[in-house]
Amino acid sequence: RKFEGFNTHQVEGMLGFNGKMYLGTYTKANFHEYDYTKPMKERLVHKGRIETHQDRPFALTGGESGKVYAGTIPDYGYLGGALAEYNPETGKLTSYENIIENQSIIGLAYKDGLVYGSTSVWGGLSATPTEKSAKIFIFDPEKGEVIKEFVPKIKGVSNPLWIGGLAFDKNGTLWAATGSTLFSL
């Protein structure tokens, strides 16, 4: 085996997708594409920064559209994460800021043309949360908007402060976690 390293900032989230690796790095919510087929000096390419006041691209997902999505935790003292959409064909990085009011986006999954997300009530360091419960949301990339958001009813959990780890199983059921509780929707 051959091991090759490369220098980058602290990686918060990453996704292997369509033969490339996508990385969200801290600080300042930078977004990168890593193509292992290129010469070492050309492999890691900075594709942009996700919106103002964002710091940690924490969750990444991709789908049959070929686009990559990243959810963020905001910068120090701020509430309200962003959802970013990256189109590898055009190189365009589009951000949708504070789509779930005052909540960070910490979980993402893609299915049937929609982005499913989950949140945390916490924001950047030293920011005081204003919301009581984390949420699940559905984002329609074609419309560029959230089409549904809700606090899930979770047996034994009255106010989840964070919901993460979103994943669809082979039957199309969406799974998530909060604290020590695993649940499906």
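Values below: all heavy atoms of this structure, side chains included; hydrogens, waters and symmetry mates excluded.
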Enumerate, atom names and distances included, each donor-acceptor pair closer than 3.5 Å involving a side-chain atom of residues 171-185, sequence neighbours excluded.
| from | atom 1 | to | atom 2 | distance (Å) |
| --- | --- | --- | --- | --- |
| W175 | NE1 | D169 | OD2 | 2.9 |
| T178 | OG1 | W162 | O | 2.4 |

Main chain of R49, side chain of N30: is a donor-acceptor contact present, judged purely on distance under 3.5 Å? no
M14 and Y34: CA distance, side-chain angles, deciding distance, side chain to side chain contact (heavy atoms under 4.5 Å, CB included) verdict: CA-CA 10 Å; M14 60 186 197; Y34 180 82; over 6 Å; no
Residues sharing L79's hydrophobic cluster, by side-chain heavy-atom contacts under 4.5 Å among ILVMFWY, directly or via others? none
Mind checking whether I163 and P152 have side chains closer than 4.5 Å, heavy atoms only? yes
Greater than 12 external heavy atoms within 6.0 Å of Q10's CD: yes
Would a distance-only check, ignoring hydrogens and angles, find a side-chain to backbone donor-acceptor pair under 3.5 Å from S120 to W122? yes
With sequence neighbours excluded, residues passing side-chain contact (heavy atoms from CB on, under 4.5 Å) with T94: K92, Y96
Within the structure provided, determine whether V146 and L83 are in side-chain contact (heavy-atom separation under 4.5 Å). no
Who are the side-chain contact (heavy atoms from CB on, under 4.5 Å) partners of N87, not counting sequence neighbours? K67, E89, T90
Please lay out, stage by stage, how R43 and D35 fare under the test side chain to side chain contact (heavy atoms under 4.5 Å, CB included). CA-CA 5 Å; R43 287 185 185 182; D35 185 345; 5.6 Å; no
Taking only residues two or more places apart in sequence or in another chain, which ones pass side-chain contact (heavy atoms from CB on, under 4.5 Å) with E42? K38, P39
Between OG1 of T130 and CD of E101, what distance do you get to the nearest 0.5 Å? 7.0 Å
What is the ring orientation for Y26 with Y76, classed by angle as parallel under 30°, tilted 30 to 60°, or perpendicular over 60°? tilted
Check the orientation of F168 and Y116. Use parallel for under 30°, tilted for 30 to 60°, and perpendicular for over 60°. perpendicular
Take atom CZ of F150 as the centre, draw a 6.0 Å sphere, and report whether it contains more than 12 heavy atoms from other residues, nucleotides or ligands. yes
Taking a hydrophobic cluster as the set of Ile, Leu, Val, Met, Phe, Trp and Tyr residues connected by side-chain heavy atoms closer than 4.5 Å, whether directly or through intermediates, do L166 and F137 fall within one such cluster? no
For atom NE2 of H46, decide whether the heavy atoms of other residues, nucleotides or ligands shown that lie under 6.0 angstrom number more than 12. yes
Which is it for L44 and H32 under the side chain to side chain contact (heavy atoms under 4.5 Å, CB included) test, yes or no, and what are the steps along the way? CA-CA 7 Å; L44 186 67; H32 307 272; 3.7 Å; yes
Quick check on side chain to side chain contact (heavy atoms under 4.5 Å, CB included): which of L114, I138, I136, D140 does K148 satisfy it with? I138
Partners passing side chain to side chain donor-acceptor pair (under 3.5 Å) against T119 (at least two apart in sequence or in another chain): Q103
side-chain hydrogen bond (donor to acceptor under 3.5 Å, both in side chains) partner of D75, the single match among K28, Q54, R56, H53: K28
For the residue pair N159 and S133, confirm or rule out a side-chain donor-acceptor distance under 3.5 Å. yes
If you compare all heavy atoms of A70 against all heavy atoms of L60, which two are closest, and at what distance to 0.1 Å? CB-CG, 4.1 Å
